[in-house]
Amino acid sequence: MKTTPKPNNTLCWYPFSQLALKSWNKDGIKFAGPCCNIRHEGLEFEKGALPIEIFHGDHMEEIRQSMLRGEKHSTCRVCWDEESWNKGSPDSYRLWSADPNDNEHVNILEPKLQAIDFGFGEDCNMRCRMCKPGNSNKLRIDYKYFVDNKIDTTGIPHFDWANNDPMHDVNVEPNSHNTVYLGVAGKQWQNILDNINDLVYVKATGGETLQAKEFLYFIDVAIQKDVAKNMTLFITTNGTKFSKKLVDKLNNFKKIELILSIESIGDNYEYIRYPVKWKTLEKNLAKVKDTDFHIKVSSVLSVYNAHYITELCEYFDGYRVSIDLLNRNQYIDTKFLPVKIKSELIEDYEAVTTGAILKKAINYLKYNLVNEPTEEDLSNLKREICAFDSSRDQSYVDYLHPKIIQCLK
């Protein structure tokens, strides 16, 4: 039976075909879910359970049955929330799960684990301002700087060192930014490799995915076992680690979907995705430009890049550009901008004609037009920006749009 997820039903194809294994430690799988967007809910499973056991476990079956009954399961509230403020043109990860080119294998009456959304640890080469130490070990440099210099990071998710923020789990020992504490390992990882022929769709994220030794090993195993030709590989990368050797290996796969995480261009890009230079990114992208890979640019909307999204769309015209949203708790969220600025951004985004997918960003800004920021909101926004400025010896006045600078002043 093949029923497509639509705005008028509660179906999602992920629970019927996929496991998201986004967090591992030395004991194995730490977090599992049908997708990566269920935040901290996570599935309930016994320590050491094999992926197939987790997939057919009670919690996953409960989610599947709830969807078949037309109910909105609470575990999936991220999508329900997104669809609620996207009224008129609903958009969510649930609806995006229905890609007919890559989900022909999905049968909602016969759930089968054929897709895995891997998190390959926190090893990264960037210290992106909207990221967290759990996704980039290099951000522990900033975290340690905040602790050592007693920088006020109160309320900043994952960096609130003074209040034992439960959202962070970092090591601030000297040189801990060169250590990888999270990464695939153990009998569960080996079980996946032993049954790699069952997989037809694999997503991979990092840290920086193309820097993860385990992911590069996974590619080699798929090629050696002659299953790469049957597998679609969906890679989220910052685009700075391509090589001819790697591109040649990726050409062995049935299909390559590259999701390039790029927030802006030029100096603004360098400010957000410190310390990588824009020219370094351009040189690496040239290595995949003439391949048959399907390439999409995914950008996280924030105060940092809101005014440069249109330039990003123009630069990457020909690629599909889509905009994602921040964790709503971050002070750099665009909802904390003045209504006048949000209105101007909506007009700018609606005028884009490059084929970029800006609907989610437009709807989010419209939804928050009723919210004028308070003095406290703007103070917190500036405090978060300046905290990272101090740890990188930068100043926002050299990188941000004039309207944001004026707003902060």
Side-chain angles (χ1 to χ4, degrees), residues 1-7 9-24 28-84 90-120 134-135 184 188-189 191-192 195-196 198-205 231-236 257 259 298 324-325 327:
M1 179 180 178
K2 193 174 181 69
T3 302
T4 304
K6 296 179 180 178
N9 65 33
T10 59
L11 288 175
C12 173
W13 278 350
Y14 293 141
F16 297 89
S17 64
Q18 174 181 275
L19 265 186
L21 306 176
K22 306 301 288 186
S23 181
W24 303 61
I29 298 170
K30 183 179 177 182
F31 171 93
C35 77
C36 65
N37 295 296
I38 63 174
R39 306 302 186 196
H40 301 286
E41 294 289 333
L43 297 174
E44 299 171 1
F45 59 92
E46 292 186 12
K47 181 179 178 180
L50 298 179
I52 191 68
E53 296 170 334
I54 299 173
F55 180 77
H56 289 291
D58 292 341
H59 198 168
M60 277 286 279
E61 184 59 22
E62 177 189 322
I63 295 172
R64 288 191 285 261
Q65 291 301 318
S66 175
M67 289 182 171
L68 291 173
R69 291 193 298 267
E71 300 169 356
K72 294 183 177 181
H73 198 282
S74 59
T75 295
C76 305
R77 66 175 179 269
V78 169
C79 284
W80 310 136
D81 288 347
E82 288 199 353
E83 291 176 34
S84 69
D91 191 15
S92 71
Y93 301 100
R94 174 182 78 89
L95 298 174
W96 277 95
S97 76
D99 183 343
N101 297 315
D102 289 310
N103 287 283
E104 296 173 354
H105 56 284
V106 177
N107 185 334
I108 62 175
L109 296 184
E110 296 180 9
K112 184 178 180 180
L113 179 57
Q114 299 173 87
I116 293 183
D117 184 354
F118 281 108
F120 281 96
N135 288 342
V184 294
Q188 295 159 314
W189 168 235
N191 178 259
I192 291 171
N195 295 280
I196 197 171
D198 291 334
L199 299 177
V200 297
Y201 191 61
V202 171
K203 299 179 183 179
T205 60
M231 188 184 297
T232 293
L233 202 53
F234 186 108
I235 306 169
T236 298
E257 295 269 2
I259 305 300
S298 180
D324 208 341
L325 302 169
N327 180 321

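Sequential numbering from 1 along the given sequence is applied to the chain's residues.
- Between Lys6 and Leu95, the closest heavy-atom pair is C-CD2, 3.5 Å.
- A donor-acceptor pair is defined here as one N or O able to donate and one able to accept, closer than 3.5 Å; such a pair exists between the side chain of Asn195 and the backbone of Asn191.
- A side-chain donor-acceptor contact under 3.5 Å links His59 to the backbone of Glu44.
- Using a 4.5 Å heavy-atom threshold, the side chains of Ile116 and Ile192 count as touching.
- Here Glu82 does not pair with Arg94 in a salt bridge; the nearest charged N to carboxylate O distance is not below 4.0 Å.
- Note that CD1 of Ile63 and CD of Glu71 are 12.5 Å apart. Values are rounded to the nearest 0.5 Å.
- Considering only heavy atoms from C-beta on, Thr232 stays 4.5 Å or farther from Val200 through its side chain.
- Remark: the Ser17 side chain and the Gln114 side chain contain no N/O donor-acceptor pair separated by less than 3.5 Å.
- For Gln65 (side chain) and Glu62 (main-chain N/O), no donor-acceptor pair under 3.5 Å exists by modelled atom type.
- Here the SG-CD1 distance, from Cys12 to Ile108, works out to 11.5 Å after rounding to the nearest 0.5 Å.
- Between Asn107 and Trp13, the closest side-chain pair of non-hydrogen atoms is not below 4.5 Å.
- Separation of atoms CE (Met60) and CD1 (Ile54) is listed at 9.5 Å; rounding is to 0.5 Å.
- When all heavy atoms of Ile29 and Pro51 are compared, the pair lying nearest together is CD1-CG, 4.3 Å.
- For the pair Lys203 and Phe234, the cation sits on the ring face: its NZ or CZ lies under 6.0 Å from the ring centre, inside 45° of the axis.
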Does Leu21 form a side chain to side chain contact (heavy atoms under 4.5 Å, CB included) with Asp117? I'd like the steps, not just the answer. CA-CA 6 Å; Leu21 306 176; Asp117 184 354; over 6 Å; no

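- Here the closest heavy-atom approach between residue Trp24 and residue Gly119 is recorded as CD1-O, 3.7 Å.
- A pairwise comparison of heavy atoms in Gln18 and Leu113 identifies C-CD1, 4.1 Å as the closest pair.
- Looking at heavy atoms from C-beta onward, Val202 lies in side-chain contact with Leu199 at the 4.5 angstrom threshold.
- Aromatic pair Trp189/Phe118: centroids less than 6.0 angstrom apart.
- Under the side chain to side chain contact (heavy atoms under 4.5 Å, CB included) test applied with Leu43, the options Leu19, Asp58, Thr75 reduce to a single match, Leu19.
- Separation of atoms CD (Gln188) and CD (Glu53) is listed at 9.0 Å; rounding is to 0.5 Å.
- Nearest heavy-atom pair, Ala20 versus Cys36, reported as atom, atom and distance to 0.1 Å: CB-N, 3.7 Å.
- Counting heavy atoms from C-beta on, the side chains of Ile259 and Thr205 never come closer than 4.5 Å.
- There is no side-chain donor-acceptor pair under 3.5 Å between Tyr14 and Asn37.
- Both the sub-6.0 Å distance and the 45° axial angle are satisfied by Arg64 relative to the ring of Phe55.
- The NZ atom of Lys30 lies 14.5 Å from the NZ atom of Lys22; values are rounded to the nearest 0.5 Å.
- Formation of a donor-acceptor pair under 3.5 Å by the Glu61 side chain with backbone atoms of His56 is not found in this model.
- The minimum heavy-atom distance linking Met67 with Cys76 is given by the pair CE-SG, 3.9 Å.
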